[in-house]
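Source: prediction; values computed, not measured. Letters go in sequence order (proteins before strands), and every chain restarts at 1.
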There are 2 protein chains.
Amino acid sequence: MRYRDEHKELLVKEKAIEMIVREGLDGFSMQKLAREARVSPATLYIYYKDKEDLIVQLGLEEATRLTTTLLKDFDPAMSFEEGMRVQWRNRADYWLENPVKAALLEQLKHSPLRTRVFDTLDKGFIDSLGRFVHNAIANKEILPMTREVFWSVAYAPLYNLIRFHTEGISLAGEPFRFSEEIMWETFAVVMKALKI
Amino acid sequence: MRYRDEHKELLVKEKAIEMIVREGLDGFSMQKLAREARVSPATLYIYYKDKEDLIVQLGLEEATRLTTTLLKDFDPAMSFEEGMRVQWRNRADYWLENPVKAALLEQLKHSPLRTRVFDTLDKGFIDSLGRFVHNAIANKEILPMTREVFWSVAYAPLYNLIRFHTEGISLAGEPFRFSEEIMWETFAVVMKALKI
DNA sequence: AATATAAATGAATGTTCGTTCATTTATTGT
DNA sequence: ACAATAAATGAACGAACATTCATTTATATT
């Protein structure tokens, strides 16, 4: 039998992500994708059940890659300071090194497909980060607070900095540029809020 | 001459926002909108130049309402503590009292139309909030930092709490519910980070 | 070389899309 | 009552859409 052309399959994925990020979910169509990837529209239906399945699969795959990246060098038993540093490092790395794929996840997070992509996130990932916070509170390293409050104070500022950077938003005169320096400066401010 | 039916015009706006929020920008179409608002498709082209113009106008109108709301009871000459309290109050009020319209703005912020909707935000609004932060730093009420870092630490946690609430995201067992109590608890933590 | 099999295709399906236009409707000033 | 005018309409346009299908192509096994 004839084998599936993996190069072709990868090209389809790449072009699909590009198009979704560039033109939004509404600018994305199967026929345009087929044209861009130099493939017959029918081929897409060999790879994927339908349009929604294609988008969801791309999202799931990338969400998995993200969780894997975020656990690199991380251990829930780490000290709070050290664990937080690793998390900020990993999150910044992922967003800055994969801006297009990160933008795909961002699009999906604000779309009707959000549930289908993010509701089945890796259990180990959620557990690991949950235990980390639990430990820090138990050890009296940080103020006691719910996970939602913790997440909002601990990570939302970082994500917002990255968003300002990638979307070229400037609140002052010159456009804002993310840097290691400004990241760790913000980190210090955030840590000041959390530590006892 | 015949006058424009304002009730009809308002209904079109309302249904359009509903549909965009419910089905995303890609699920939104002029023909479906016409059907839902019991209007001829052609009528939409009396109100708006084309589809994009319709979306952008809805966005601009709502963005204006938002900036007006955020300046209520606010004065850049306020003390840092007081001004921040008003800002958190206003922002929470807007998002919780207008969840659908807020969701529209959120959608547009993550779409290719972002620039057309948000790049011409009211000057007075930006100036007012900018002066507020500048004053606080000059008076040594808070640590010196760029506006982007300030915004990220001061407001991103609040927006994230609201997002968790409206999207029904739970990091622990039971679904997360926003409340005044949790809001001011988070406020206190954030203020701890910013104050000298 | 022949067979089997799944990949890949181009053309075609019917549907929905955004937009236009000739016509009708409602309201004002004469 | 009538003329003037803009609102509002339903039907229609071609274009693009998601998806299907009969057919061809490439490869592994016989």
Participant: Can you tell me how far C1' of C/dT9 sits from CG of A/Asp5, to the nearest Å?
Facilitator: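 Whole-Å distance recorded here is 13 Å.
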Participant: How long is the line joining CZ of A/Arg4 and P of C/dT9, in whole Å?
Facilitator: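 Atom-to-atom, A/Arg4 to C/dT9, this comes out as 12 Å.
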Participant: Atom CG of B/Leu33 to atom P of C/dG18: distance rounded to whole Å?
Facilitator: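 So the CG-P distance, B/Leu33 to C/dG18, works out to 10 Å.
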Participant: How many whole angstroms separate atom CD of B/Glu6 from atom P of D/dA8?
Facilitator: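 Taking CD of B/Glu6 and P of D/dA8, I get 10 Å after rounding.
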Participant: Near DNA chain C, under 4.0 Å by heavy atom, which residues of residues 45-57 of chain B?
Facilitator: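 The answer is B/Tyr45, B/Asp50, B/Lys51.
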Participant: Pick the nucleotide of DNA chain C nearest each of B/Tyr3 and B/Pro41; which residue has the one closer to the 5' end?
Facilitator: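 Between the two, 5'-proximity favours B/Pro41.
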Participant: Test side-chain hydrogen bond (donor to acceptor under 3.5 Å, both in side chains) on B/Gln31 and B/Arg35 and set out the steps.
Facilitator: CA-CA 6 Å; B/Gln31 313 214 49; B/Arg35 214 177 304 123; 5.7 Å; no
Participant: Tell me whether the rings of A/Phe80 and A/Phe132 are parallel (<30°), tilted (30 to 60°) or perpendicular (>60°).
Facilitator: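 Rings of A/Phe80 and A/Phe132: parallel, under 30°.
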Participant: Taking only N and O in the side chain of B/Thr43, is any of them less than 4.0 Å away from OP1 or OP2 of D/dT9?
Facilitator: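 It does, given that an N or O in the side chain of B/Thr43 lies less than 4.0 Å from OP1 or OP2 of D/dT9.
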Participant: Which nucleotide, C/dT19, C/dG10, D/dC17, lies nearest any side-chain atom of A/Lys32?
Facilitator: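 The answer is D/dC17.
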Participant: Who pairs with A/Thr166 by side-chain contact (heavy atoms from CB on, under 4.5 Å), at least two apart in sequence or on another chain?
Facilitator: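 Here the qualifying residues are A/Ile162.
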Participant: Once you round it to whole Å, what is the distance between C1' of D/dA16 and CE of A/Met19?
Facilitator: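 The answer, rounded to whole Å, is 13 Å.
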Participant: So which heavy atom on A/Ala156 is nearest to which on B/Asn160, and how close?
Facilitator: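 So the two residues come closest at CB-CB, 3.9 Å.
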Participant: Run through A/Trp151, A/Phe164, A/Phe178, A/Tyr94 and flag the one making a ring-ring contact (aromatic ring centres under 6.0 Å, His included) with A/Tyr159.
Facilitator: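 Of all the options given, the one that passes is A/Trp151.
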Participant: Tell me: CG of B/Asp26 to C1' of C/dG18, nearest whole Å?
Facilitator: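 For the pair B/Asp26 CG and C/dG18 C1', the rounded distance is 16 Å.
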Participant: Using atom types as modelled and distance alone, determine if a side-chain donor or acceptor of A/Ser128 lies under 3.5 Å from a backbone N or O of A/Phe125.
Facilitator: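 No: the side chain of A/Ser128 does not pair with the backbone of A/Phe125.
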Participant: May I ask you to say what A/Ser29 touches in the nucleic acid, namely base, sugar-phosphate or nothing, with a heavy-atom cut-off under 4.0 Å?
Facilitator: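 Touches sugar-phosphate only.
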Participant: Roughly how many Å is it from NE2 in A/His7 to P in C/dA8, rounded to a whole number?
Facilitator: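 Result: 12 Å.
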Participant: Check the angle between the aromatic planes of A/Phe187 and A/Trp88 and answer parallel, tilted or perpendicular using the 30° and 60° thresholds.
Facilitator: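 Plane angle over 60°, so perpendicular.
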Participant: Can you tell me which nucleotide in D/dG10, C/dT9, C/dG18 comes closest to the side chain of B/Ala42?
Facilitator: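 Out of D/dG10, C/dT9, C/dG18, the nucleotide with an atom closest to B/Ala42's side chain is D/dG10.
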Participant: Looking at C/dT9, D/dA18, D/dT9, which one has an atom nearest to any side-chain atom of A/Val39?
Facilitator: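 Closest of the options to the side chain of A/Val39: C/dT9.
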Participant: Starting at the 5' end of DNA chain D, which residue's closest nucleotide do you reach first, A/Phe28 or B/Arg2?
Facilitator: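 Looking at DNA chain D, the more 5' nearest nucleotide goes with B/Arg2.
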Participant: In this structure, how many angstroms lie between the C1' atom of C/dA8 and the CZ atom of A/Arg38, rounded?
Facilitator: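 Distance check: A/Arg38 CZ to C/dA8 C1' gives 16 Å.
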